[in-house]
Amino acid sequence: MTDENHSTEEELIAQRREHLEKLREAGVAYRNDFKRDTLAADIHENHGNSSKEELEEQKVRVAVAGRMMSRRIMGKASFAHVKDMSGQIQIFVRKDDVGEDTYNDFKQFDLGDIIAIKGWVFITKTGELSIHVEELTILVKSLRPLPEKFHGLTDLETRYRQRYLDLMTNDDTRHVFSIRSKTINYIRSYLDGCGFVEVETPMMHPVPGGATARPFKTHHNALDMELYLRIAPELYLKRLVVGGVEKVYEINRSFRNEGLSPRHNPEFSMLEFYQAYADYHDLMDLTEDLLRKLVNHLFGDSKLTYQEQDYDLSKPFVRLTVFDSILEYNPDLTPDDINNLDSIRKTSDKLGVPYEDNFGLGKVQIEIFEKIVESKLQGPAFITAFPKEVSPLARSSDNDPFLTDRFELFIGGREIANGFSELNDPDDQAERFRKQVESKEAGDNEAMHYDADYITALEYGLPPTAGEGIGIDRLVMLLTDSPSIRDVILFPHMRAKE
RNA sequence: GGGCCGUUAGCUCAGUCGGUAGAGCAUCUGACUUUUAAUCAGGUGGUCGUAGGUUCGAUCCCUACACGGCCCA
């Protein structure tokens, strides 16, 4: 050892680099000649119920590798915990068993090192299933000190910027991303089971469409062409339905050039699916069934808790129109207060909901809905009958031309899904695009572009179809009781440091 | 974009009504052959986010900025 045994970060790293140098000299740094045959969780699963005596008798030998997370040296015998992707297992290292040289090597290991063990499974005096080590080696020297072993890493900024440290030390974080993976897998198998076909459509669009949002702009050099990162895959998926792919879905990223918040990341994951010869009622039924089965699949029952609020998905989801929901959550209002532009403007003023002069009745209704009703919708609740003015891609309602055959699903005051019977009348669609372009020219930079190529596709005939988008990130937030979208995205966007 | 809060050792956190900072873990030395937040004894480790200002003196008060969090638009 050096005489200078300090412990600034620099010096901690220097100490570890000295250990690495010794490994390099011995020709065993960064080796890759060890094959493990067992994961930590396998050991717990296979031997967790065995008795001490059974294990002594069987002498089950395992080869395990992982990161050393803790160590307790007691003279000539030591314990450590080794962590792999499945979990942790304790190892017991005794000088008499591994020999003096290996034991001394072991004492030079640092927390965070990636090590390999061969030994037999046993139970310690205090009853912990462990590996009695016979052979031991270091595979990778960790040069930087680990976060504290008991509290783990709690600093949010570091957890997001250096997610690997978060994953290394916080089991909760691993759990969240495991649920995320299982959720996406389950959705895929559910839709596959219903006969849907998974596709990948372009992420770079010459005309951004499928949602009202600001896009990211980029440039293709060879084509010398402006392109936009997609804000939604919708218009391409419907082109596929035109082409005869009658049940189609895509799960992937979309991008919106907007602010960051606990509910918004500039890139986010969506499921979109389209089913020909179905209407929005069919999709509400499908969504209810999918979510109920998903929660059962993940948790074994239909109940979940989000931010201390309980939800039971076994009960039928509420279904309520936008109009009725405004009245329900504003008991002082009468239908006449919100069913014409003059009265709803007065109502908005009274409620303190801002609107602009060019907003029609439908848009003002939605402003009130979003500001006042949404956050109160514990749900699960399908809100239906959205005004045409705010639904430029949805089919007009047969009963009321002011409305569309559209719904959104709310759980915990948050929009989880948005679906509708698709607008397949090309002339109506062209007219709606023109209205959007007018809004854009009037200064609404979220309004849609006119997509002539899409109109052409509709002119060939889109079958009667219903389609829906489900926000994967928000769904996973709900399923993992995560307050922020950053908790369910591995590498959330952050401002560059320095 | 606006408001509020935060930033102290590698990590988790105290603290200073303005007088140059502490603990636990990690690390180092020693003891210890079934520990488990191991234990016991003794050490090391800090530009108190950055830059200015006020002051005899600033980690603390003021201003600006950076990064993060929450709320609002």
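Convention: sequence-line order gives letters A, B, ...; per-chain numbering from 1.
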For this session: Return no unless some side-chain N or O of A:R161 is found under 4.0 Å from OP1 or OP2 of B:rC67.
Result: no
For this session: Considering just the side-chain nitrogens and oxygens of A:R94, establish if one lies under 4.0 Å of OP1 or OP2 belonging to B:rU34.
Result: no
Exercise. If you round to the nearest 0.5 Å, how far is OH of A:Y311 from OG1 of A:T305?
Worked result: 9.0 Å
Problem set entry | 5' precedence on RNA chain B between A:S484 and A:L260 (nearest-nucleotide basis) | A:S484
Exercise. Taking CG from A:D97 and P from B:rU33, how many angstroms apart are they, rounded to a whole number?
Worked result: 14 Å
Exercise. Just how far, in rounded Å, is P of B:rG69 from CG of A:D487?
Worked result: 10 Å
Problem set entry | A:F122 vs A:S70, nearer the 5' end of RNA chain B by closest nucleotide | A:F122
Exercise. For atom P, what is the distance between B:rG46 and B:rG22, given to the nearest Å?
Worked result: 13 Å
For this session: Ignoring hydrogens and angles, state whether a donor on the side chain of A:Q307 or A:D481 is under 3.5 Å from an acceptor on the partner side chain.
Result: yes
For this session: Nearest whole angstrom, please: distance from the P of B:rU29 to the NZ of A:K107.
Result: 10 Å
Seminar exercise, completed: With A:D110 as partner, the option from A:K141, A:R144, A:R71 fulfilling salt bridge (charged side-chain N to carboxylate O under 4.0 Å, His left out) is A:K141
Problem set entry | For atom NZ of A:K371 and atom C1' of B:rA73, their distance in whole Å | 9 Å
Problem set entry | Worked verdict on A:R406 versus A:V390 for side chain to side chain contact (heavy atoms under 4.5 Å, CB included) | CA-CA 11 Å; A:R406 175 180 171 191; A:V390 297; 4.2 Å; yes
For this session: Could you measure between the two P atoms, the one in B:rA23 and the one in B:rA14, and give it in whole Å?
Result: 16 Å
For this session: Produce a footprint string for nucleotides 5-12 of chain B: one letter per nucleotide, 5' end first; B if the base is under 4.0 Å from any protein heavy atom, S if only the sugar-phosphate is, - if neither.
Result: -----BBS
Seminar exercise, completed: A:M74 atom CE is separated from B:rA41 atom P, nearest whole Å, by 18 Å
Exercise. Would you call A:V93 and A:Y103 a side-chain contact if the rule is heavy atoms closer than 4.5 Å?
Worked result: yes
Exercise. Tell me, what's RNA chain B's dot-bracket, Watson-Crick or G-U with both distances under 3.5 Å, | for other-strand, [ ] crossing?
Worked result: (((((((..((((.....[..)))).(((((.......))))).....(((((..]....)))))))))))).
Problem set entry | Short N-O contact, A:R17 and A:E21, less than 4.0 angstrom | no
Exercise. With rounding to whole Å, what would you report as the distance between B:rG57 and B:rU20 at their C1' atoms?
Worked result: 10 Å
Please list every donor-acceptor pair under 3.5 Å in which a side-chain atom of residues 35-45 of chain A meets a protein atom from a residue at least two apart or in another chain.
from: A:D37; atom 1: OD1; to: A:A63; atom 2: N; distance (Å): 2.8
from: A:D42; atom 1: OD2; to: A:L39; atom 2: N; distance (Å): 3.0
from: A:H44; atom 1: NE2; to: A:Q88; atom 2: O; distance (Å): 2.8

Exercise. Between B:rA64 and B:rG3, how far is it from one P atom to the other, in whole Å?
Worked result: 10 Å
For this session: Look at the side-chain N and O atoms of A:R486 and state whether any lies under 4.0 Å from the OP1 or OP2 oxygen of B:rC70.
Result: yes
Seminar exercise, completed: A:Q162 atom CD is separated from B:rC67 atom P, nearest whole Å, by 17 Å
Exercise. Looking only at atom types and distance, does a side-chain atom of A:N170 sit under 3.5 Å from a main-chain N or O of A:D172, one as donor and one as acceptor?
Worked result: no
Exercise. Are A:F410 and A:E374 side-chain neighbours, meaning at least one heavy-atom pair lies under 4.5 Å?
Worked result: yes
Problem set entry | Those residues that, when tested against A:E128, pass side chain to side chain donor-acceptor pair (under 3.5 Å) (two or more places apart) | A:H81
Problem set entry | B:rG49 and B:rU8, which share atom name P, separated by this distance in whole Å | 6 Å
Exercise. If you measure from the P atom in B:rG18 to the same atom in B:rU63, how many Å do you get, rounded?
Worked result: 16 Å
Problem set entry | A:R163 with A:D166: basic N within carboxylate O range, under 4.0 Å | yes
Exercise. Does A:N46 have any side chain to side chain donor-acceptor pair (under 3.5 Å) partners at least two apart in sequence or in another chain, and if so, which?
Worked result: none
Exercise. Using atom P of each nucleotide, how far apart are B:rU39 and B:rU50 to the nearest Å?
Worked result: 34 Å
Exercise. Syn versus anti for B:rU55, judged by chi lying within 90° of 0?
Worked result: anti
Exercise. What parts of residues 77-91 of chain A reach RNA chain B, counting only heavy atoms under 4.0 Å away?
Worked result: A:A77, A:F79, A:H81, A:Q90
Problem set entry | Nucleotide B:rA66, atom P - distance to CZ of A:R495 in whole Å | 8 Å
Exercise. What integer distance in Å separates A:M69:CE from B:rA37:P?
Worked result: 15 Å
For this session: For nucleotides B:rG10 and B:rG53, find the distance between their C1' atoms and express it as a whole number of Å.
Result: 33 Å
Exercise. How would you label the contact of A:P262 with the nucleic acid (heavy atoms, under 4.0 Å): base, sugar-phosphate, or nothing?
Worked result: sugar-phosphate
For this session: Answer whether the closest heavy-atom distance between the side chains of A:F323 and A:N339 falls below 4.5 Å.
Result: yes
